[in-house]
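Source: prediction; values computed, not measured. Letters go in sequence order (proteins before strands), and every chain restarts at 1. All values below were derived from every heavy atom in this structure, side-chain atoms included, with hydrogens, water molecules and symmetry-related copies excluded.
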Number of protein chains: 2
Amino acid sequence: MTGRKQSRKRGRVTLADVALAAGVSPATVSNAYNRHDQLSAELRARILETAHDLGYPGPDPAARSLRRGSVGAVAVLYSEYLSYAFLDPAAGHFLQGVARAMDEAGLGMLLIPHADGRSPVVSRAVVDGFILRSMPEDDAQVTEALARGLPTVVVDGPERAGLPFIGIDVEAAARGVAKHLLDLGHRRIAVVSFPLTSTPRSGPADLDLQRGATVRATRDRLSGYARALEEAGLSWSEVPVYECAHNSPEDGADAARVLLGHDPRPTAMLAASDQLAFGVIRAARALGLKVPHDLSVVGFDDVGPSEELGLTTVRQSHFDKGLQAGRALIALMRGEEVEPRSLLPTELVVRGSTARPREG
Amino acid sequence: MTGRKQSRKRGRVTLADVALAAGVSPATVSNAYNRHDQLSAELRARILETAHDLGYPGPDPAARSLRRGSVGAVAVLYSEYLSYAFLDPAAGHFLQGVARAMDEAGLGMLLIPHADGRSPVVSRAVVDGFILRSMPEDDAQVTEALARGLPTVVVDGPERAGLPFIGIDVEAAARGVAKHLLDLGHRRIAVVSFPLTSTPRSGPADLDLQRGATVRATRDRLSGYARALEEAGLSWSEVPVYECAHNSPEDGADAARVLLGHDPRPTAMLAASDQLAFGVIRAARALGLKVPHDLSVVGFDDVGPSEELGLTTVRQSHFDKGLQAGRALIALMRGEEVEPRSLLPTELVVRGSTARPREG
DNA sequence: TCACGGATCTGAATCGTTTCAGACAGGATA
DNA sequence: TATCCTGTCTGAAACGATTCAGATCCGTGA
């Protein structure tokens, strides 16, 4: 193959050129590419050969999409500041799941990282549908995506009437893991939270800030924790909550250092994710504290090295979420019926990072 | 004028409908969206309002792309079987880098996982350019991508005349890390390798298999190791090389279990990636061996928990690779000059997972 | 007064496919 | 023989936008 690189933008070889050279109609060339049964095998072979000789790159995808009305790709909108994109194993599993679904259907996936404010990418994305994952409730990009009027599936929020929703019962799961600590006898508990707003910020978060949390999954974690603690007779307003700018072990460690400086020191820590929990454990150890002897730690997600590290956490399958979201979107695009709301199971996984408090 | 209009065929509101409703020409509506300076602010406001009232979702991206000749997105082709997609932190950092570059330019990125054989996704992807990352030398998808004749940048291979290449000097780096082990006095060294072909397979790999490695980066690692060992007077053909089906800690552990069963037992292990090295360490510990006392282990990449685990490895910045690749592609798409070949630095990072062999 | 230039807006030609309703043979069917 | 298929191939109309060369209007400077 003598594939000479031709950067002639204008002088592109089109389907019509191939038709002319092969002495057939454009319709036939199109059929040669798309509907093999519409012409004889010999003619098809001849056309394909002519096309190859001319250096025809095949039907132009944009023109094809315009005429057919479909593109063969879906967009995934994810909030960078929550998932810390590709570096968060939870996001990785999720995308892996979506990718599998797209693979099954021969579709591509366009990734669109969250940007604060409008972005030309969302309104100009050449796609057939959207998957929204853990986006803020009131977000310019979400609004733009919805304005496109394309089939859309929501994962973990924001829930919207008419859009299929896939997620877990975050509040119940959060309540469960908090209850686990309470049952062990912990009473001085601190919380390491996801970012609460779109503006990255680290620091203590009062009730107002907590209530203003823009991402659904974040709010529900906090309210689940709160419910468990209040049910145990504790006052949530006195529980220290620390907001992390990013969902990373580093930020979790920073939070832990601050929270462990409180007097009296917390005996247990609720981290909104395993990523944050890893940081908490790291910081605790650096301070000479034994986990779980001096400090119990729980996470959320059950991803990455949480098994190796013996982290007590809430298991959920991000892969399944992605897979189901992908399949639901594909069904939606095909005009099929889709379950309007499906909740995946979660499970409390008790490992070695939690124990009765020392004094208990 | 054409009084007969069946524009509701797909139930879609088009730019023409808005023009009609607003009493202006389609050209003006288009200008309202794209060239704000071509009409008065009042008219623009009125048009946008009309559009909103009609539920017009904005210019159709496919039509826009067709007419403009550009799309506003690039495709990233990555080999699933090498990077294990999103779960490999190296791939994550890389994509993060690409995403940053795309963000700078307001472009989207379409991810296309490697599939063996042709895939409709590559030839139908509505994009302006391609980034190829660590793809097999002779691959159907690569061929298809190149056939598109779009601006293309290659990362880590396959190198092709005319395509900008971004990578590292893999062979030199591999030789360096192997030499580190030799300098410490190791003579019984085993190798844990990436998959060698597109067909997932785990098991010992003889010289023929090694030479047939389809991915450039894999071949170069092996040849770098080989060169160092032979320079030290060892015979490469006697060095056990174990191929892993996937680049994961699990596979690395499997490989290590087999290799550690050899008699005499290797005193050091060269892993093609940190991911594999993590598995090696895990397996060694499970067998009651102390790292580095009983077994020295080195990795490649310096990602994930390699610092925590004290892994001696080769540092390279996957993020920078992605960023540079993204920027190079954007420059290419703009018709600017691009460095035809740029090698990023690597650095041997010596940590606690390597030491002199016991007997030494 | 008059040509001139700038600000606005429009008409009509594309962009490169796909699709649908035929057209045309030639063989099978009745 | 007349009719009906069936398999191949074609003509021409969309698909929904952008663009570019004008056309119009109007204030200005000479």
Just how far, in rounded Å, is [atom2] of [N] from [atom1] of [X]?
| X | N | atom1 | atom2 | answer |
| --- | --- | --- | --- | --- |
| B/Asp60 | C/dC15 | CG | P | 19 Å |
| A/Arg35 | D/dT10 | CZ | C1' | 14 Å |
| B/Gln38 | C/dG6 | CD | C1' | 12 Å |
| A/Leu15 | D/dT10 | CG | C1' | 13 Å |
| B/His36 | C/dA7 | NE2 | C1' | 17 Å |
| B/Glu42 | C/dT8 | CD | P | 8 Å |
| B/Tyr33 | D/dG16 | OH | P | 15 Å |
| B/Leu39 | C/dT10 | CG | C1' | 12 Å |

Return the 5'-most residue of the pair A/Gly58, B/Asn31 with respect to DNA chain C, ranking by each residue's nearest nucleotide. B/Asn31
Look at the side chain of [X] and the backbone N and O of [Y], then say whether any donor-acceptor pair between them is shorter than 3.5 Å.
| X | Y | value |
| --- | --- | --- |
| A/Arg64 | B/Arg124 | no |
| A/Arg341 | A/Glu159 | no |
| A/Thr28 | A/Val24 | no |

Base, sugar-phosphate, or nothing for B/Tyr56, non-hydrogen atoms under 4.0 angstrom?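 Sugar-phosphate only.
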Could you check whether B/Leu66 gets within reach of a base, just the sugar-phosphate, or nothing at all, counting any heavy atom under 4.0 Å? base
Assess whether atom CD of B/Glu337 is packed by more than 12 heavy atoms of other residues, nucleotides or ligands within 6.0 Å. no
One thing to verify: whether A/Arg12 and A/Asp60 come together as a salt bridge, which I'm taking to mean a side-chain N less than 4.0 angstrom from a carboxylate O. yes
Quick check: any donor-acceptor pair below 3.5 Å linking the side-chain of B/Arg67 to the base of D/dT18? yes
Tell me which residues in residues 19-30 of chain A lie within less than 4.0 Å of DNA chain C, going by non-hydrogen atoms.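 Within this stretch, A/Ala27, A/Ser30 sit under 4.0 Å of the strand.
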Does the side chain of A/Asn31 pick up a donor-acceptor pair with the side chain of A/Arg44 at under 3.5 Å?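 The criterion, which ignores hydrogens and geometry beyond distance, is not satisfied for A/Arg44 and A/Asn31.
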Check the phosphate of C/dC15 against B/Arg68, side-chain N and O only, distance under 4.0 Å to OP1 or OP2. Yes or no?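 No.
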Using OP1 and OP2 only, check whether a side-chain N or O of A/Arg64 sits under 4.0 Å from C/dT18. yes
Please say whether the positively charged group of A/Arg133, taken as NZ for Lys or CZ for Arg, lies over the ring of A/Phe94, i.e. under 6.0 angstrom from the six-membered ring centre and within 45 degrees of the axis. yes
Measure from the side-chain heavy atoms of A/Ser40 and tell me the nearest of D/dG16, C/dT19, D/dC9. D/dC9
